[in-house]
> 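Dumping the structure here so I can ask a few things about it.
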2 protein chains.
Amino acid sequence: MKIGELAARTRVAPRLIRYYEQQGLLVAARADNGYRTYTDDHVERVGRIAGLVQAGIPTRLVKVLLDAEDRAARDEPTCPKEVAEQLAAELGPIEERIACLTRSRDTIRGFLERTRHEVVLREADAGHPA
Amino acid sequence: MKIGELAARTRVAPRLIRYYEQQGLLVAARADNGYRTYTDDHVERVGRIAGLVQAGIPTRLVKVLLDAEDRAARDEPTCPKEVAEQLAAELGPIEERIACLTRSRDTIRGFLERTRHEVVLREADAGHPA
DNA sequence: CTAAACTCTCACATTAATGTCAATGTCAAG
DNA sequence: CTTGACATTGACATTAATGTGAGAGTTTAG
């Protein structure tokens with residue numbers, strides 16, 4: 001598929017897909033005409049990249065992470081010591097982010113539950129007003 | 001306490017603490033001399049702000065979130081419909097971020113486990129080489 | 001064949017979060 | 001009282017992620 005379809009499927013702007021490629025997070029084959037061509041695998045890859053970037057992971061680290069995932073997927077647990085150190089250094093901050101977001105998620109859920117009840121009550125009132 | 005201590009305790013630069021205040025995420029009392037003064041509560045607050053910002057939540061939304069948490073803490077489940085909508089809109093993206101980060105966390109953990117084993121093995125080899 | 005829709009590259013603008021520096025004021029210790 | 005550490009404000013710089021537009025080639029539908 002071409003970049004437009006990939007963009008549509010991932011809801012990531014073509015501009016960004018090219019940017020991610022430029023940052024080395026993504027490799028795209030080229031058709032004879034120079035157009036980038038992608039496979040279904042790229043859909044997941046781009047989604048993952050965008051997710052991590054939106055979660056505040058800078059592209060430089062996203063690269064390290066995805067490289068690690070790629071190796072894991074290929075059952076290649078070998079990983080240069082230096083990379084392992086980078087990963088280890090990221091673990092803490094990532095866990096903090098998860099904790100922070102989880103807490104906010106729970107807060108929001110709590111609010112929405114109560115709000116939904118209120119709405120229901122209000123609708124009930126509207127249904128049979130005094 | 002003054003801004004320096006708060007910065008040290010939260011590991012957030014004074015520059016940013018002031019920035020967060022300017023964005024309305026934080027209210028600081030002022031001493032007679034104009035110095036900002038903080039309480040212990042601010043330590044947690046600033047930590048939370050920094051955590052969310054680093055998790056990719058823009059300050060504008062952090063404000064909405066923290067306002068909600070404040071209300072929840074005060075048992076004030078009332079919340080303008082408009083705010084509830086904003087919260088609802090954030091929920092999805094936040095969950096995605098959590099999912100993304102969680103996956104990366106697991107990948108990293110897996111790697112580190114295996115790496116640790118390798119290191120141990122290598123050390124063992126070093127201990128009694130052929 | 002032609003027009004519209006896509007693609008390419010390149011350049012420039014923007015936004016948010018942050019760093020940095022300068023000029024000034026305050027405070028605490030010697 | 002002076003010096004050094006810290007605070008204040010304000011201006012300016014930077015970085016990363018993104019938006020935007022131009023100019024040129026490609027493809028597809030009519």
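These values consider heavy atoms only, across backbone and side chains, with no hydrogens, waters or symmetry-generated copies. Please read all numbers here as calculations on a predicted model, not as lab measurements. Every chain is numbered from 1 and lettered A, B, ... according to where its sequence line falls, protein lines coming before strand lines.
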> A:Q54 has an atom CD; how far is it from atom P of D:dA17, in whole Å?
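Taking CD of A:Q54 and P of D:dA17, I get 12 Å after rounding.
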> In whole Å, I'd like the distance from the CD1 atom of B:I3 to the C1' atom of C:dC27.
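Atom CD1 in B:I3 sits about 16 Å away from atom C1' in C:dC27.
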> Could you please name the option among C:dA17, D:dT18, C:dT9 that lies closest to any side-chain atom of B:P58?
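The closest nucleotide is C:dA17.
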> Can you measure A:Y35 atom OH to C:dC6 atom P for me and round it to whole angstrom units?
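Between P of C:dC6 and OH of A:Y35: 11 Å.
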> How many angstroms lie between CZ in A:R105 and CZ in A:R109, if you round to the nearest 0.5 Å?
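Separation between the atoms: 4.0 Å.
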> Can you tell me if the side-chain N/O atoms of B:N33 get under 4.0 Å from OP1 or OP2 in C:dC27?
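Yes, B:N33 has a side-chain N/O under 4.0 Å of OP1/OP2 on C:dC27.
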> Whole angstroms only, please: what is the CG-P distance between A:L6 and C:dC8?
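In whole Å, C:dC8 P lies 11 Å from A:L6 CG.
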> How many Å lie between CG on B:L61 and C1' on C:dA17, as a whole number?
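Spelled out: CG on B:L61 to C1' on C:dA17 is 15 Å.
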> Taking atom P of D:dC6 as reference, at what distance in whole Å does atom NZ of B:K2 sit?
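So the NZ-P distance, B:K2 to D:dC6, works out to 9 Å.
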> Measure CD/A:E21 against P/C:dT7 and give the value in whole Å, please.
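That distance rounds to 14 Å.
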> Would you say D:dA16 has OP1 or OP2 under 4.0 Å from some side-chain N or O of A:T59?
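A:T59 to D:dA16 OP1/OP2: no side-chain N or O under 4.0 Å.
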> Has the side chain of B:Y19 got a donor or acceptor atom sitting under 3.5 Å from an opposite partner on the base of C:dG19?
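By the distance-only test, no, there is no pair.
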> Check whether any side-chain N or O of B:R36 sits under 4.0 Å from OP1 or OP2 of D:dT9, and answer yes or no.
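Result: yes.
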> May I have the distance from B:R15 (atom CZ) to D:dG10 (atom P), rounded to whole angstrom?
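In whole Å, D:dG10 P lies 12 Å from B:R15 CZ.
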> Looking at every heavy atom in both B:R48 and A:S104, which two are closest together, and how far apart are they?
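Heavy atoms of B:R48 and A:S104 come nearest at NH2-OG, 3.0 Å.
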> If you check every side-chain atom of B:R30, which of D:dT9, C:dC8, D:dT26 has the closest atom?
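The closest nucleotide is D:dT9.
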> Honestly curious: do B:L66 and B:L91 fall in one hydrophobic cluster under the side-chain, below-4.5 Å linking rule?
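Yes; B:L91 is reachable from B:L66 via cluster members.
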> State yes or no: do B:I17 and B:Y19 share one hydrophobic cluster built from I, L, V, M, F, W and Y residues joined by side-chain heavy-atom distances below 4.5 Å, directly or via other members?
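Yes; tracing contacts between hydrophobic side chains, which count when under 4.5 Å, links both residues.
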> How many angstroms lie between CG in A:D40 and CG in A:L6, if you round to the nearest 0.5 Å?
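The CG atom of A:L6 is 10.0 Å from CG of A:D40, to the nearest 0.5 Å.
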